[in-house]
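All remarks here apply to the structure that follows.
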Amino acid sequence: MTIAPGYAYEKAPDQDHFLSRQKTIELFRQVLAPIATKRGKRWVFNQSPLYLKFLMGEIDYECTPWGSPNYNIFGWQKPCYMFSDGYAQTFREYMETTDWEKYGRRSGNSKCQDCMMHCGHEPTAAIDATSSLKNMLISIRGLG
Ligand code: SF4
């Protein structure tokens, strides 16, 4: 099982009922607490424990949009599958012509402010998994 929070992405027909980033963190703290504290039902998620910690607000990750790119009949979608700023016909073109500085929360892009989607943030967690012995142990051991 995998999980990711929705948010009011650009094309969502209902912009009023998605959670803000802070509300998302509060919700995931409740959902994942039984795993983290080894109490109650232990859901098994096929995801990076570091990404789950990010959802709980314990780690602040920036997005890595090229970490799980979207390819469809129009080509490689820039920058991610949540919204499109155009398409590239090859992966090289996608990587080399996308202005990556314009995306992710720290860029200030309004479309990215409430996004905590796995497509952009789980690749960051995967990269971070080998950045220290502690993170390697968390990745092996899991959230609990
Ligand atoms: S934060 Fe990343 S995954 Fe989310 S909308 Fe922005 S570029 Fe896409």
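The structure presented is a predicted model; accordingly, all values stated were derived computationally and were not measured. Note that the numbering runs from 1 along the sequence shown for the chain. Indexing begins at 1, ligand by ligand and atom by atom, following the structure's order.
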Assess the residue pair Y87 and F74 against the criterion (ring pair (Phe, Tyr, Trp, His ring centres under 6.0 Å)); give the C-alpha distance rounded to whole Å, side-chain angles, the decisive distance to 0.1 Å, and a yes or no. CA-CA 7 Å; Y87 293 87; F74 302 111; 5.4 Å; yes
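- Counting only distance, with no hydrogens or angles, the side chain of E10 and the backbone of K111 share no donor-acceptor pair below 3.5 Å.
- With a 4.0 Å heavy-atom cut-off, ligand 1 is reached by no atom of W100.
- Looking only at protein heavy atoms, the nearest one to atom 2 (Fe) of ligand 1 is C63 SG, 2.3 Å.
- Taking a 6.0 Å sphere around CG of N46, one finds it holds 12 or fewer heavy atoms contributed by other residues, nucleotides or ligands.
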Take Y71 and Y81, measure what ring pair (Phe, Tyr, Trp, His ring centres under 6.0 Å) needs, and give me the verdict at the end. CA-CA 8 Å; Y71 178 76; Y81 76 67; over 10 Å; no
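- When Y61, Y7, Y9, Y103 are checked for heavy-atom proximity to atom 5 (S) of ligand 1, Y7 turns out nearest.
- In terms of protein heavy-atom proximity, atom 6 (Fe) of ligand 1 is closest to C112 SG, 2.3 Å.
- Side-chain atoms of S48 and K53 form no donor-acceptor pair, as typed in the model, at a separation below 3.5 Å.
- Residue-level proximity to ligand 1 for F83 is carried by the side chain, the only part with a heavy atom below 4.0 angstrom.
- For atom 8 (Fe) of ligand 1, the closest non-hydrogen atom of the protein is C80 SG, 2.3 Å.
- Taking 2.8 Å as the threshold, C115 counts as a candidate ligand of atom 4 (Fe) of ligand 1, since one of its N, O or S atoms lies below it.
- Q15 places a side-chain N or O within donor-acceptor distance of the main-chain N or O of Y9, the cut-off being under 3.5 Å.
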